[in-house]
Amino acid sequence: MRRMFLEWLRFSVTAVLLVLGLIGFASGVIGVYRFGFVMNRMHAGGIGDTYGLFCVTLALMIGAGPGMDALKLLLVLVFMWFTSPVSTHFLSQIEYYTNPRLYDHVERKDPGVK
Amino acid sequence: MTVADAYRLLYSAALTVFAVLIGAMLVRSIIGPRITDRILSVNMIGTMVISCIVILSRLLHESYLADVALIYTMISFVSVLVLASVYIPDNKLRKKFMKEDGEGQGGEGQSGEGQGCESREGQPGGGLKEKTKGKQDRSLKETSKGKSGRSLKEEQKGEPDRSLKENQKGQPGESRMADRAENIKDRADGKRGAADVS
């Protein structure tokens with residue numbers, strides 16, 4: 001009986017975390033639709049990359065229990081956390097070098113103007 | 001209802017929601033006005049696919065699918081790096097860009113309409129008439145030398161299709177302003193500029 005209760009407790013924690021992760025991904029998608037410029041959209045995309053994946057992976061780790069599976073999921077999460085900021089950085093560099101109307105959206109620090 | 005059934009139901013529902021979100025991001029990557037919007041959308045699709053694979057590995061009790069998710073993470077990272085190495089110029093030209101930006105004319109150096117929400121629906125090269133006069137033209141002349149010192153009007157008559165890649169290899173003296181002018185010109189012609197190739 002007690003063991004059954006613990007199983008359901010683990011399931012409910014998994015469900016809550018998975019739903020939180022889905023909310024994170026959904027808010028990222030909504031943000032990408034609602035923002036007008038790509039550097040704002042990166043902000044919304046970063047939510048899915050960090051918070052959403054964190055919640056989903058943590059939920060599955062709790063659902064899987066201790067073992068090799070959980071370690072693999074942790075590896076996916078850690079790798080994504082390292083690579084996501086780097087790819088965001090490169091994306092903003094692409095925007096900087098190719099957008100002809102960059103300064104319609106981005107303020108420029110201008111030392112020459114009094 | 002046992003715990004295993006409940007897990008199966010939960011994971012299936014999550015996969016359905018992920019399918020809807022991936023479809024939404026796919027639409028975004030089609031209508032994204034610039035290359036960076038598309039890369040961002042594809043990157044987010046990659047993240048959601050990784051989540052889907054990870055959920056599937058628990059749903060099907062196949063442990064090796066977590067390895068597949070790890071490889072997928074690496075590949076989606078490498079794809080962004082490859083696209084960045086295509087679109088970001090090499091080091092010498094990059095310093096030139098930085099210098100020009102530092103000596104720029106002021107906040108409104110590049111005039112013209114925004115590329116935000118409202119102009120995304122309209123024609124991409126809407127306010128082009130303003131581009132050919134005033135500050136923009138002056139800054140173009142001042143900041144660029146040699147071949148790229150042509151004004152924007154001449155630029156519009158020039159040879160029609162030079163891509164960004166050819167630019168940075170052929171004439172290293174091409175300035176950023178000329179690149180921007182060329183982008184604008186390509187939009188005016190209704191073609192896809194180098195920065196708009198999907």
Side-chain angles (χ1 to χ4, degrees), chain A residues 4 7-8 10-11 14-15 18-19 21-22 25-26 28-29 32-39 41-42 45 48-49 52-53 56-57 60 63-64 68-69 72-73 75-76 79-80 83-84 86-88 90-105 107-108 110-113, chain B residues 3 6-7 10 14 17-18 21 24-25 28 34-37 39-41 43-44 47-48 50-51 54-55 57-58 63 66-67 69-70 73-74 77 80-81 83-84 87-89 94 97 101-104 106-110 112-117 120 164 176 179-181 183-184 194-195:
Chain A
M4 207 59 205
E7 285 290 314
W8 279 106
R10 202 168 77 174
F11 171 77
T14 303
L18 202 55
V19 168
L22 280 174
F25 274 114
V29 170
V32 169
Y33 268 89
R34 284 185 66 90
F35 281 128
F37 182 52
V38 67
M39 295 213 183
R41 285 180 184 154
M42 280 174 209
D49 277 359
L53 199 68
V56 168
T57 318
L60 293 173
M68 207 59 204
D69 288 6
K72 279 179 188 172
L73 298 183
L75 195 59
V76 171
F79 197 83
M80 198 67 198
T83 57
S84 166
V86 179
S87 49
T88 305
F90 276 109
L91 205 57
S92 56
Q93 262 187 326
I94 296 174
E95 181 69 14
Y96 175 74
Y97 288 118
T98 60
N99 195 352
R101 299 174 192 169
L102 183 69
Y103 296 111
D104 293 347
H105 308 281
E107 277 187 31
R108 150 149 72 179
D110 194 7
V113 168
Chain B
V3 180
Y7 272 116
L10 175 68
V17 176
F18 270 124
L21 292 180
M25 285 319 285
R28 184 73 250 179
R34 284 180 52 75
I35 178 74
T36 35
D37 295 296
I39 298 174
L40 179 67
S41 307
N43 208 6
M44 273 199 78
T47 311
M48 285 191 261
I50 289 161
S51 303
V54 161
I55 288 173
S57 85
R58 288 305 307 150
S63 173
D67 301 337
L70 191 59
T73 316
M74 293 178 185
F77 177 57
V80 174
L81 285 197
L83 278 169
Y87 281 100
I88 295 175
R94 203 187 307 181
F97 276 18
D101 251 17
E103 293 166 356
E108 283 77 35
Q110 279 74 34
E113 63 169 6
Q115 206 193 338
C117 278
R120 222 188 314 124
L164 189 67
R176 177 180 193 169
D179 277 345
R180 294 188 164 178
N183 269 336
I184 292 163

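All values reported here derive from a predicted model rather than from experimental measurement. Computation of the quantities below employed the complete heavy-atom set of this structure, encompassing side-chain atoms and omitting hydrogens, waters and symmetry-equivalent molecules.
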Please state whether the side chain, the backbone, both or neither of B:L81 comes within less than 4.5 Å of a heavy atom of chain A. side chain
Check whether B:Y7 gets within reach of chain A through its side chain, its backbone, both or neither, counting any heavy atom under 4.5 Å. both
Let me know if [X] has heavy atoms under 4.5 Å from chain B in its side chain, its backbone, both or neither.
X	value
A:V56	side chain
A:L18	side chain
A:M4	side chain

Using a cut-off of under 4.5 Å for heavy-atom pairs, which of B:V17, B:I39, B:V80, B:L70 has the most such pairs with chain A? B:L70
Can the ring centroids of A:Y97 and B:Y87 be said to lie less than 6.0 angstrom from one another?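 Judged by ring-centre distance (under 6.0 Å), A:Y97 and B:Y87 do not meet the cut-off.
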Rounded at 0.5 Å granularity, tell me how far CZ in A:F25 sits from CE in B:M44.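 It comes to 7.0 Å.
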Is any side-chain heavy atom of B:I50 closer than 4.5 Å to one of A:M80? yes
Could you walk me through whether A:V29 and B:M48 pass side chain to side chain contact (heavy atoms under 4.5 Å, CB included), step by step? CA-CA 11 Å; A:V29 170; B:M48 285 191 261; 3.8 Å; yes
A:S87 and B:N43: which non-hydrogen atoms are nearest, and at how many Å?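 Shortest heavy-atom contact: OG-ND2, 3.6 Å.
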